[in-house]
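Quick caveat, the model's predicted, so the values are computed rather than measured. Note that these values count all heavy atoms, side chains included, but never hydrogens, waters or copies made by symmetry.
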Amino acid sequence: GTVRSHWIEGEAQLQQFMGLVAQMERLRMMHPAGHREFYSKWLQLNGSHDGLSGAGVQLRALALPPMAEAAMKVMADPKAMDLLRTWNGGQAIGLLPALHLGSSSAVALFSMPTGTQADARRSVGRALQRFWLTASHAGWGVQPLFAPIYVARALNANPGHFDPEEAATTARVDREL
């Protein structure tokens with residue numbers, strides 16, 4: 001499995017990419033399973049973590065504006081997300097990636113063939129980690145974005161957990177990425 005890098009540059013291409021990522025971010029956070037995984041594995045609120053000591057990123061490390069940090073804390077409550085789903089709300093959730101990408105001059109996407117073996121995926125993960133550390137050492141601001149990966153993986157693993165509109169959106173964004 002060869003890893004390929006794809007660079008997105010230029011304002012129009014970056015805006016298009018941000019729009020695609022925004023759709024996936026909203027879908028991940030609005031979907032009950034995606035929301036649960038995000039808040040149980042990927043994000044630590046107030047420096048603590050539910051059940052996975054040391055796992056996840058601390059909310060304060062994201063350096064979000066105060067309003068966005070407050071929104072992340074409110075969204076941690078599954079009951080609040082249930083209300084947003086009932087109201088067909090949560091459109092602003094898709095704006096979160098723009099907080100990280102808004103000042104970017106380029107985005108690097110890394111891909112590998114579907115069905116790549118677990119050992120190869122781990123090697124790719126180590127290579128991406130080296131890229132991140134090297135880029136950070138060189139003074140580049142690097143921010144991983146997992147929503148497109150998470151949603152596509154979740155759809156492939158559990159297609160019955162997504163309604164037809166969610167599945168269609170995911171498939172379209174996956175093709176465009």
Side-chain angles (χ1 to χ4, degrees), residues 1 3-4 6 8 12-45 49-52 55-59 62 64-65 67-102 104 107-118 120-121 124-125 128 143-177:
V3 176
R4 303 185 78 196
H6 313 269
I8 299 170
Q13 290 83 8
L14 286 167
Q15 289 297 320
Q16 179 182 11
F17 177 75
M18 277 194 292
L20 296 172
V21 171
Q23 291 175 58
M24 292 293 92
E25 188 66 40
R26 181 181 181 278
L27 182 54
R28 173 175 69 163
M29 296 303 287
M30 294 299 289
H31 195 277
H35 177 269
R36 188 172 37 259
E37 181 172 317
F38 181 78
Y39 279 100
S40 68
K41 292 184 179 180
W42 303 112
L43 188 67
Q44 294 183 34
L45 298 174
H49 203 275
D50 297 337
L52 297 173
V57 175
Q58 291 187 8
L59 179 60
L62 296 177
L64 296 171
M67 290 283 290
E69 186 172 328
M72 294 296 287
K73 289 178 179 178
V74 170
M75 288 182 346
D77 183 351
K79 291 178 185 172
M81 297 307 288
D82 288 343
L83 285 173
L84 283 177
R85 279 189 288 282
T86 300
W87 301 330
N88 195 28
Q91 301 306 315
I93 294 170
L95 300 176
L96 291 173
L99 293 173
H100 296 294
L101 294 172
S104 298
V107 170
L109 292 176
F110 295 93
S111 65
M112 58 194 298
T114 302
T116 302
Q117 298 299 315
R121 290 194 309 265
V124 168
L128 292 175
Q143 174 65 45
L145 298 170
F146 296 107
I149 297 166
Y150 168 80
V151 174
R153 179 181 56 96
L155 177 63
N156 289 330
N158 299 300
H161 289 198
F162 291 82
D163 68 37
E165 184 179 335
E166 292 170 334
T169 298
T170 301
R172 182 184 48 75
V173 170
D174 197 39
R175 280 191 309 274
E176 291 184 39
L177 286 175

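Looking at Ile93 and Met81, their side chains come closer than 4.5 Å, going by heavy atoms from C-beta outward. Between Met24 and Thr169 the shortest side-chain heavy-atom distance falls below 4.5 Å. Between His35 and Pro78 there is a side-chain heavy-atom pair separated by less than 4.5 Å.
The side-chain hydrogen bond (donor to acceptor under 3.5 Å, both in side chains) test applied to Glu176 returns Arg172, not counting sequence neighbours. For Arg26, there are no salt bridge (charged side-chain N to carboxylate O under 4.0 Å, His left out) partners two or more places apart in sequence or in a different chain.
Smallest separation of non-hydrogen atoms from Gly94 and Ala22: O-CB, 2.9 Å. Here the shortest heavy-atom pairing between Glu69 and Leu64 reads N-CB, 4.1 Å. Nearest heavy atoms, Leu59 versus Leu45: CD2-CD2, 3.7 Å. The shortest non-hydrogen separation linking Tyr39 to Met29 is CE1-CE, 3.4 Å.
Taking CE from Met18 and CD from Gln13, the interatomic distance works out to 11.5 Å, rounded to the nearest 0.5 Å. Interatomic distance, CG of Leu20 versus CZ of Arg175, reported as 11.5 Å (0.5 Å rounding).
In this structure, Arg4 contributes its side chain and Phe110 its backbone to no donor-acceptor pair below 3.5 Å. With hydrogens and angles disregarded, a donor-acceptor distance shorter than 3.5 Å links the side chain of Glu166 to the backbone of Asp163.
Salt-bridge check for Arg85 with Asp82: passed, with a basic side-chain N closer than 4.0 Å to an acidic carboxylate O.
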For a side-chain contact (heavy atoms from CB on, under 4.5 Å) check, start with the C-alpha distance between Phe38 and His31, then their side-chain angles and the critical distance, and finish with the verdict.
CA-CA 10 Å; Phe38 181 78; His31 195 277; over 6 Å; no
